[in-house]
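Note that these values count all heavy atoms, side chains included, but never hydrogens, waters or copies made by symmetry. Start at 1 with the first residue, then count along the sequence.
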Amino acid sequence: MASAVIRLIRRPAAVLLVATSCRHVQQLSHHMLPGGSVCSKPARELTRLLPRASPYQMWSRSFASENGDLVDAVVPFMGESITDGTLATFLKKPGDRVEVDEPIAQIETDKVTIDVNSPEAGIIQKFVAKEGDTVTPGTKVAVISKSHPSDTHVAPSDDKVVKDGQPPSPPTGATQPTPPTEKIDKQVLKEEGSTKGKPKVPSAATPPKTSPSEPQLPPKERERRVPMPRLRKRVATRLKDSQNTFAMLTTFNEVDMTNLMKLRSDYKDAFVEKHGVKLGLMSGFVKAAVSGLQNQPIINAVIDGDDIIHRDYVDISIAVGTPKGLVVPVIRNADRLNFAGIEKEINNLAKKANNGTISIDEMAGGTFTISNGGVYGSLLSTPIINPPQSAILGMHSIVSRPMVVDGNIVPRPMMYIALTYDHRLIDGREAVFFLRCIKDVVEDPRRLLLDL
């Protein structure tokens with residue numbers, strides 16, 4: 001008995017037990033000492049042998065993992081082509097209540113932003129990762145406690161300890177001596193008078209005067225250095241790779257928007273009433289692009305090594321600018337959709353892109369891209385090809401300009417359009433014919449009905 005107690009006292013965790021009673025140590029020694037029998041019961045059953053006032057009872061309540069109260073929130077699967085991401089921000093704080101599948105953090109990847117959801121309802125106990133960390137699927141981000149906050153053991157407040165250790169306040173009736181203000185004022189005046197006769201010494205903090213030839217650089221405290229988001233780095237890499245790979249050439253034309261704008265104005269109310277979506281200009285350009293790709297199928301092809309891949313389907317990518325960067329969702333099988341189907345798909349993809357809920361599958365693929373810089377007021381630009389495509393159409397702002405119509409100068413709403421193409425695959429002849437087809441269909445939408 002004595003030797004068992006001595007061996008038990010050598011264990012730091014057993015000091016509390018010995019301080020309570022040697023009888024309890026005797027009852028628990030066969031569970032803890034070497035050479036004793038192995039107990040398969042959880043530790044919470046062993047504590048029932050101790051008195052209720054035992055400090056070990058209070059200490060054992062904090063081990064919530066033994067009864068499955070703690071669960072881990074981990075990074076989900078992010079896609080086949082995405083291996084890691086950056087922990088951008090936490091949407092919750094430790095101590096906040098969360099429900100099942102409620103987002104608690106966001107992961108930025110090269111393509112999309114992915115939410116880390118809570119696996120169970122409970123309280124966020126702590127965050128394991130930090131903002132800015134590079135994480136992979138399965139990485140633990142946070143620990144969630146399923147139990148109520150009142151069930152967990154809370155250490156005594158530091159304020160209470162400080163309050164107990166404060167010296168007693170002086171009696172209410174005691175008065176504190178007033179400061180001798182008159183003596184202080186006289187002393188200050190005396191010191192000021194003595195310093196008047198002394199010459200002023202230039203301050204050491206004064207910056208030295210620079211010669212006129214030295215450049216005046218802005219101070220560093222007026223600059224901010226922040227890490228580049230992963231989406232922005234991915235966009236920068238793809239655009240630079242596009243410039244280094246493709247032999248890009250841009251051709252331009254101008255389009256009279258009178259008939260397409262009149263078509264939208266005449267049927268916009270009936271269109272909304274029947275289809276539940278507004279009739280915009282993008283659907284007209286998508287239909288025109290489909291017609292042009294069918295007339296010039298080489299625009300829809302792509303170079304793959306020493307081969308040319310001809311694609312017999314038309315998936316139109318629409319460039320969408322979001323607060324986090326540029327994304328390019330894809331309208332699948334655009335050649336099979338009517339105006340209403342295209343407008344619905346554009347609105348759906350644009351909402352997901354701006355909300356950050358767009359998936360990788362909705363941005364994968366695409367055979368041709370349309371970029372509408374006109375919504376930002378761009379008059380003319382040379383868009384960059386979105387690899388692995390071979391061409392991109394750039395739309396611009398609509399400006400009223402004087403045009404010659406039937407020998408008369410009249411104002412017309414005009415738009416410049418640009419086609420950037422890979423000159424390794426596409427000759428200038430095909431590029432100009434394609435852009436001319438876009439112009440003809442937009443200026444006279446009736447050509448779509450006659451398949452011209």
side-chain hydrogen bond (donor to acceptor under 3.5 Å, both in side chains) assessment of Glu343 paired with Ser283: CA-CA 6 Å; Glu343 290 292 349; Ser283 56; 2.7 Å; yes
pair Ile417-Glu254: side-chain heavy atoms closer than 4.5 Å: no
Other residues, nucleotides, ligands: >12 heavy atoms within 6.0 Å of Asn355 CG: yes
Worked check of side-chain hydrogen bond (donor to acceptor under 3.5 Å, both in side chains) between Ser317 and Gln389: CA-CA 10 Å; Ser317 303; Gln389 301 172 10; 3.2 Å; yes
Cation-aromatic face contact Arg429/Tyr421, 6.0 Å, 45 degrees: no
Contact summary for Pro229 and Glu108, nearest pair of heavy atoms: CB-OE1, 3.5 Å
Which residues share a salt bridge (Lys or Arg N to Asp or Glu O under 4.0 Å) with Asp96, sequence neighbours left out: none
Asn300 side chain to Thr367 side chain, donor-acceptor N/O pair below 3.5 angstrom: yes
Any pair counted as ring pair (Phe, Tyr, Trp, His ring centres under 6.0 Å), so long as it reaches residues 311-331, sequence neighbours left out: none
Close side-chain approach of Ile316 and Leu293, heavy atoms under 4.5 Å: yes
Min side-chain heavy-atom separation Ile299-Gln296 under 4.5 Å: yes
Thr420-Thr250 side chain donor-acceptor pair, cut-off 3.5 Å: yes
Side chains of Glu362 and Ser359, donor plus acceptor under 3.5 Å: yes
Heavy-atom check, side chain of Leu349 versus side chain of Ile331, under 4.5 Å: yes
Close aromatic pair by centroid cut-off 6.0 Å: Phe339 and Tyr267: no
Heavy-atom side-chain contact between Gln243 and Met248 under 4.5 Å: yes
Least distance between heavy atoms, Ile144 atom then Pro119 atom: CG1-CD, 4.4 Å
Leu281 vs Met257, side-chain contact (heavy atoms from CB on, under 4.5 Å): CA-CA, chis, key distance, verdict: CA-CA 9 Å; Leu281 298 177; Met257 301 292 294; 4.0 Å; yes
Over 12 foreign heavy atoms within 6.0 Å of CG, Leu449: yes
Sub-4.5 Å side-chain heavy-atom contact between Met261 and Pro413: yes
Output field: ring centroids Phe90/Phe127 closer than 6.0 Å: yes
Close side-chain approach of Arg238 to Asn386, heavy-atom, < 4.5 Å: yes
Atom CD of Glu273: over 12 foreign heavy atoms under 6.0 Å: no
Pair Lys92 + Glu102: basic N to acidic O under 4.0 Å: yes
Side chain to side chain, Val74 and Val141, heavy atoms closer than 4.5 Å: no
Between Ser118 and Glu99, a side-chain donor and acceptor under 3.5 Å: no
Criterion side-chain hydrogen bond (donor to acceptor under 3.5 Å, both in side chains) on Thr258 and Asp256, from CA distance to verdict: CA-CA 6 Å; Thr258 301; Asp256 187 349; 2.6 Å; yes
